[in-house]
Undergrad: 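Once you've had a glance at the structure underneath, I'll fire off some questions.
Below, chain A is the first sequence line, B the second, and so on; all start at residue 1. The figures that follow rest on heavy atoms only: side chains count, while hydrogens, waters and symmetry mates do not.
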Amino acid sequence: MLDCGMHMGFNDDRRFPDFSYITQNGRLTDFLDCVIISHFHLDHCGALPYFSEMVGYDGPIYMTHPTQAICPILLEDYRKIAVDKKGEANFFTSQMIKDCMKKVVAVHLHQTVQVDDELEIKAYYAGHVLGAAMFQIKVGSESVVYTGDYNMTPDRHLGAAWIDRCRPNLLITESTYATTIRDSKRCRERDFLKKVHETVERGGKVLIPVFALGRAQELCILLETFWERMNLKVPIYFSTGLTEKANHYYKLFITWTNQKIRKTFVQRNMFEFKHIKAFDRAFADNPGPMVVFATPGMLHAGQSLQIFRKWAGNEKNMVIMPGYCVQGTVGHKILSGQRKLEMEGRQVLEVKMQVEYMSFSAHADAKGIMQLVGQAEPENVLLVHGEAKKMEFLRQKIEQEFRVSCYMPANGETVTLPTSPNIPVGISLGLLKREMAQGLLPETKKPRLLHGTLIMKDSNLRLVSSEQALKELGLAEHQLRFTCRVHLQDTRKEQETALRVYSHLKSTSLMAR
Amino acid sequence: MKLYCLSGHPTLPCNVLKFKSTTIMLDCGLDVTSTLNFLPLPLVQSPRLSNLPGWSLKDGNAFLDKELKECSGHVFVDSVPEFCLPETELIDLSTVDVILISNYHCMMALPYITEHTGFTGTVYATEPTVQIGRLLMEELVNFIERVPKAQSASLWKNKGIQRLLPSPLKDAVGVSTWRGCYTMQEVNSALSKIQLVGYSQKIELFGAVQVTPLSSGYALGSSNWIIQSHYEKVSYVSGSSLLTTHPQPMDQASLKNSDVLILTGLTQIPTANPDGMVGEFCSNLALTVRNGGNVLVPCYPSGVIYDLLECLYQYIDSAGLSSVPFYFISPVANSSLEFSQIFAEWLCHNKQSKVYLPEPPFPHAELIQTNKLKHYPSIHGDFSNDFRQPCVVFTGHPSLRFGDVVHFMELWGKSSLNTVIFTEPDFSYLEALAPYQPLAMKCIYCPIDTRLNFIQVSKLLKEAQPLHVVCPEQYTQPPPTQSHRMDLMIDCQPPAMSYRRAEVLALPFKRRYEKIEIMPELADSLVPMEIKPGISLATVSAVLHTKDNKHVLQPPPRPAQPPGKKRKRVSEDIPDCKVLKPLLSGSIPVEQFVQTLEKHGFSDIKVEDTAKGHIVLLQEAETLIQIEEDSTHIICDNDEMLRVRLRDLVLKFLQKF
């Protein structure tokens with residue numbers, strides 16, 4: 001099973017995947033060889049405790065070390081919002097998160113993990129968030145690559161995704177930004193800084209809803225250096241106590257960040273911020289400009305939503321959405337232009353503040369997706385994670401450019417791909433060397449036929465010379481000879497005739513050879 | 001398969017393995033013990049060292065006394081220290097395809113190999129190995145370069161002169177090939193040839209061989225290597241540990257069922273128990289400091305020092321040492337301490353869980369924060385202002401021939417209050433101390449070598465079950481100083497094959513199979529016959545395609561096109577399809593054979609018994625068929641139709657291969 005996410009836009013059963021699709025009556029553990037989690041975002045791991053502890057799964061769950069470290073913290077955060085703040089029942093408990101994490105097996109980048117006798121998996125760097133990975137899943141010579149979310153352009157704190165030319169039978173790629181070709185990173189950054197700067201200059205407040213780990217760190221580095229350079233004094237806050245902790249994770253897992261940060265970390269740690277302070281709830285009512293990073297990123301609950309409600313009425317303020325928002329969230333609503341929001345208790349919130357969308361979320365854009373397909377050279381491509389219309393466009397583009405089949409199944413749909421793998425066999429070195437030596441002779445330009453006998457015993461297949469096969473099986477060779485009487489009429493002497501026949505036969509046999 | 005042994009040092013190995021079509025160098029260790037023959041390089045002018053008397057031959061010829069100095073009965077070369085390189089003449093090193101590094105101590109000769117032999121291949125190592133290896137090289141270069149020495153002695157190397165010198169100079173091997181230290185530029189160029197790998201990563205070499213690093217438990221990122229093809233497996237075990245210190249535990253399971261296991265890097269102090277040594281280290285340290293003396297710990301900037309600092313972290317408060325300053329002096333001290341905290345994935349489980357909290361995995365972070373441990377790049381600068389005695393100093397180099405340690409030996413050597421504690425096992429402490437004699441300070445020898453001992457090796461070999469073991473000759477006999485200890489050697493069956501420097505071993509290894517792939521279309525066309533229960537045979541005729549050392553069998557092309565359309569071009573592409581005479585097996589049951597003949601219209605058949613079988617006479621056709629167990633002989637007139645008919649009837653009773 002690839003990833004085990006939750007839907008942020010729902011508060012009912014639809015929040016978690018319907019695991020009965022996997023098996024109606026059997027146990028999930030019997031049905032699944034393993035679960036692979038690509039990164040710590042909740043839309044990729046949010047249903048994990050529900051799946052393993054409430055539905056029931058005891059097999060291995062694979063993820064990278066940073067994901068293993070950070071995932072339980074986000075799950076616990078999310079649980080608190082859902083249960084403690086919203087009072088939802090039938091939700092996983094803290095203990096369940098702990099029990100679930102006990103089933104996790106951490107993997108290194110590029111390590112080949114043998115799940116069982118046949119199945120092996122290997123993680124590649126995906127660059128989407130700290131610890132994000134793409135996975136190659138392989139049985140024999142057949143393989144699938146699952147990208148999770150990835151980013152093909154290095155940013156201020158992470159490197160770019162990379163995969164070798166592994167030629168999988170199938171590449172399952174995300175296509176969140178199927179049609180977007182984002183302008184250069186620098187332009188986007190300049191744009192972002194300009195908007196923040198202008199707003200605080202005219203005394204407005206800037207709200208940036210983020211997830212505690214990931215994009216937040218990149219934007220913090222960006223603002224920190226800008227504030228430093230411009231010598232600004234306007235306060236920047238970061239909500240929740242997670243900040244310092246989050247930055248600590250980045251410090252300890254610095255080998256997962258980009259080249260530049262890794263190289264300079266001994267002299268200067270990029271994750272120790274001078275200008276960014278911890279946020280207190282009371283600060284939201286302070287007069288004057290400020291910049292606040294608040295969680296969660298889609299304005300669907302928690303502190304970011306609280307601050308948003310406080311600041312929404314003032315046209316001087318600004319909210320900058322730095323990432324993608326799932327349908328049904330407040331973030332999605334305001335981004336699609338809605339300015340009158342129905343809140344809990346039938347209250348209507350009028351949004352007067354400026355709403356800006358900056359595509360900072362680190363997904364590959366269309367160009368990046370094409371780049372990855374080119375890198376991996378798959379036989380088939382399957383698109384997931386995105387909007388149908390845009391995906392259809394990308395699907396056609398991939399099929400045209402790479403001449404491979406591209407699929408985009410809807411939820412609940414099954415795609416079947418036939419493959420015809422070669423069959424591995426052991427060939428006796430003697431036979432192979434004899435054939436290869438003859439293949440090297442200059443006059444034998446044309447391909448030659450190799451003759452041998454395949455011995456099949458259980459699942460063990462060996463190709464040997466026929467003589468060796470007979471010998472191994474204890475079979476004797478049966479000689480079949482012919483003798484024919486041939487009448488010749490020749491006037492020459494007997495001996496001369498015999499000699500002529502002999503030399504004729506000799507020359508023809510040489511030619512035949 | 002051959003093994004070229006380029007180093008005689010069992011813990012600093014350098015071997016080249018030729019396997020299938022690849023040439024693989026296993027480690028690249030630099031023997032630094034050669035520097036023990038040299039005078040120490042003092043950071044600050046030392047009147048004692050510069051006033052040592054010259055040494056010359058008995059014949060009164062004084063030309064050597066500029067190069068050789070005498071100190072307490074030992075003779076030292078007064079020159080830039082030199083290292084003993086791996087053999088460079090035994091094999092053309094430009095033919096080496098890849099170099100596999102097992103740990104940061106075993107890569108110190110890398111710049112000599114990659115920069116000066118025409119090497120064009122790739123080096124594989126884990127990230128911690130490279131980062132810490134870089135620090136060790138940087139420190140070495142820094143130690144040598146910051147004390148420029150005018151003199152580079154070479155007269156003493158003259159063969160005629162060397163044999164007249166006192167031991168151990170007389171016995172030093174290959175002194176003419178000893179070289180001075182490399183430069184930082186060479187280090188950077190060498191390290192740029194390294195490709196980073198992770199544990200259990202499968203790396204394909206030219207499609208012929210697969211190499212995989214495995215955790216070896218000895219140091220951060222240290223690895224053993226599996227070198228295998230589909231049918232052969234060589235394990236290279238180098239510097240492994242089963243003790244629980246800071247690195248990830250050793251992966252033993254993956255070493256199982258090797259054809260050959262090459263074993264190097266065992267403990268150099270097989271009789272010392274590392275845990276006991278750590279205890280002794282702490283108590284001696286505390287005793288000295290309590291008596292108002294200073295403690296000097298000559299050490300490398302990474303490795304055991306992390307464990308020692310962790311022990312002290314737990315020990316100092318209970319031992320009442322919290323006010324004693326601990327100094328760590330090395331040009332790479334800061335980097336080493338910082339780097340140790342970022343390799344969570346390469347650490348033992350305990351340390352990993354700390355990172356998940358998230359807390360730094362090593363407690364020296366706290367020692368630094370509370371100012372109990374201070375680190376400096378050298379004794380110059382800030383250190384001289386902060387320096388307070390009594391104190392504990394960790395500094396290099398453990399050979400006592402260069403680095404800041406030389407200064408402290410000169411400074412503290414005269415007082416019996418002070419103690420030098422040797423923890424690194426790479427150098428004989430008596431030899432290390434020789435140029436400082438006479439010495440008043442106390443010397444404690446607590447070598448901490450966590451690598452495998454012989455009991456652990458014998459258990460490992462029992463579990464891994466290799467067909468053959470290959471090891472340095474030192475491991476096949478008890479150590480010279482303890483020749484009665486028959487337990488201090490490798491004991492296995494068949495006996496281990498041993499190697500020494502500059503030897504070439506032919507490994508007992510017969511390759512018999514190679515992997516080949518059959519295309520599904522070809523597989524579909526095969527017709528298996530069950531010959532014995534559970535065993536089936538199928539005759540295969542196919543076209544062999546070989547690319548990048550991968551072999552694939554394709555179905556033979558369809559028979560030639562009708563003769564009318566035949567063009568020369570086409571016929572060239574069709575393989576030599578001459579029908580191969582198949583091998584036959586089986587025997588012909590005479591009675592059934594006769595019945596078949598009758599069914600096919602032969603009459604007047606007569607059967608005669610012979611000594612070995614039967615003769616079937618077809619009188620009408622004037623034909624005679626001799627049938628024996630393993631042969632059939634058909635003697636007939638020149639009637640091709642008849643011959644073919646008879647042949648086909650005979651073949652019905654035989655199996656074709």
Side-chain angles (χ1 to χ4, degrees), chain A residues 65 68-69 106 108-113 141 245 248-249 252-255 265-266 420-429 432 435-436 439 444-458 462-463 466-467 469-470 473 475-487 512, chain B residues 127 198-202 334-335 338 341-342 344-345 355-356 358 511-520 523 526 528 531-532 534-544 546 551-552 556 572-573 575-577 580 583-587 630-638 643 650 654 657:
Chain A
H65 283 273
Q68 190 188 357
H108 290 236
L109 278 185
H110 302 167
Q111 171 191 11
T112 304
V113 180
S141 60
K245 224 170 157 184
H248 221 88
Y249 279 117
L252 293 171
F253 286 112
I254 209 123
T255 53
F265 92 102
V266 175
S420 56
N422 289 349
I423 295 150
V425 160
I427 184 168
S428 97
L429 211 58
L432 181 68
E435 287 301 321
M436 297 214 335
T444 50
K445 266 275 159 83
K446 45 186 173 178
R448 281 173 36 87
L449 277 191
L450 174 146
H451 296 277
T453 301
L454 189 64
I455 305 178
M456 289 169 268
K457 191 178 168 190
D458 304 325
R462 286 176 306 133
L463 184 60
S466 305
E467 293 89 343
L470 285 185
L473 294 169
L475 299 176
E477 191 190 337
H478 192 103
Q479 295 266 354
L480 179 57
R481 288 188 293 153
F482 301 94
T483 305
C484 289
R485 285 185 289 273
V486 181
H487 298 279
Chain B
E127 183 165 7
Y199 287 150
S200 303
Q201 180 177 349
K202 294 177 177 171
N334 185 26
S335 300
E338 288 288 340
Q341 306 287 20
I342 65 159
E345 295 158 274
V355 174
Y356 287 2
R511 289 182 53 224
R512 294 174 58 207
Y513 284 96
E514 177 70 276
K515 188 186 148 186
I516 195 166
E517 287 185 356
I518 295 184
M519 286 186 62
L526 298 180
I531 299 293
K532 289 181 179 174
I535 303 180
S536 302
L537 297 187
T539 323
V540 178
S541 289
V543 179
L544 173 67
T546 298
H551 313 290
V552 178
E572 262 178 10
D573 294 341
D576 203 350
C577 281
L580 192 96
L583 286 184
L584 302 173
S585 178
S587 53
D630 288 336
S631 70
T632 302
H633 189 178
I634 299 173
I635 303 159
C636 61
D637 255 346
N638 185 18
R643 193 188 70 83
V650 167
L654 295 174
F657 296 105

Undergrad: Can you tell me which of A:Leu463, A:Ile427, A:Leu432, A:Thr453 forms the most heavy-atom pairs within a distance under 4.5 Å of chain B?
TA: A:Ile427
Undergrad: Restricting to non-hydrogen atoms, name the atom on B:Pro528 and the atom on A:Met456 that form the minimum distance, rounded to 0.1 Å.
TA: CB-CE, 3.5 Å
Undergrad: Would you mind checking which part of B:Lys532 comes under 4.5 Å of any heavy atom in chain A, side chain (CB onward), backbone (N, CA, C, O), both or neither?
TA: side chain
Undergrad: Strictly distance-based, threshold 3.5 Å: is any side-chain N or O of A:Tyr249 a donor or acceptor partner for the main-chain N or O of B:Val355?
TA: no
Undergrad: Going by heavy atoms in the side chains, are B:Ile635 and A:Arg485 under 4.5 Å from each other?
TA: yes
Undergrad: Any idea which heavy atoms bring A:His478 and B:Ser631 closest together, and the distance?
TA: NE2-C, 3.4 Å
Undergrad: Please flag which part of A:Phe253 lies under 4.5 Å from any non-hydrogen atom of chain B: side chain, backbone, both or neither.
TA: side chain
Undergrad: Below 4.5 Å from any heavy atom of chain A, which atoms of B:Thr546 appear? Answer side chain, backbone, both or neither.
TA: side chain
Undergrad: If you look at every heavy atom in B:Tyr356 and A:Ala106, which pair is closest and at what distance?
TA: OH-CB, 4.2 Å
Undergrad: How long is the gap from CD on B:Glu345 to CG on A:Leu109, to the nearest 0.5 Å?
TA: 7.0 Å
Undergrad: Testing the basics here: between A:Cys484 and B:Asp637, what is the closest heavy-atom pair and its distance to 0.1 Å?
TA: SG-O, 4.0 Å
Undergrad: Quick one: closest heavy-atom pair of A:Leu470 and B:Ser585, and the distance?
TA: CD2-CB, 3.7 Å
Undergrad: Looking at chain A, which one of B:Gly198, B:Gly586, B:Ser541 has the largest number of heavy-atom pairs inside 4.5 Å, strictly under?
TA: B:Ser541
Undergrad: For the OG1 atom of A:Thr112 and the CD atom of B:Gln201, what is their distance to the nearest 0.5 Å?
TA: 7.0 Å
Undergrad: At their closest point, which heavy atom of A:Ser420 faces which heavy atom of B:Pro520, and how far apart are they?
TA: O-CG, 3.5 Å
Undergrad: Check each atom of A:Leu450 against the heavy atoms of chain B and say whether the ones under 4.5 Å are side chain, backbone, both or neither.
TA: both
Undergrad: Nearest 0.5 angstrom please: A:Leu429 CG to B:Arg511 CZ, how far?
TA: 5.0 Å
Undergrad: To the nearest 0.5 Å, what is the distance between CZ (B:Arg643) and OG1 (A:Thr483)?
TA: 10.5 Å
Undergrad: Just give me the residue among B:Ile342, B:Asn334, B:Val552 that pairs up with chain A most often, heavy atom to heavy atom, under 4.5 Å.
TA: B:Ile342
Undergrad: Using non-hydrogen atoms only, which part of B:Ile535 is less than 4.5 Å away from chain A: side chain, backbone, both, or neither?
TA: both
Undergrad: With rounding to the nearest 0.5 angstrom, report the NE2 to CG distance, B:His551 to A:Asn422.
TA: 13.5 Å
Undergrad: If we check side chain to side chain contact (heavy atoms under 4.5 Å, CB included) with A:Ser466, which of these qualifies: B:Leu584, B:Leu583, B:Leu537, B:Val540?
TA: B:Leu583
Undergrad: Could you have a look at A:Ala469, A:Ser141, A:Ala476 and say which one has the most heavy-atom pairs with chain B under 4.5 angstrom?
TA: A:Ala476
Undergrad: Return the CD1 to NZ distance between B:Ile531 and A:Lys457, rounded to the nearest 0.5 Å.
TA: 14.0 Å
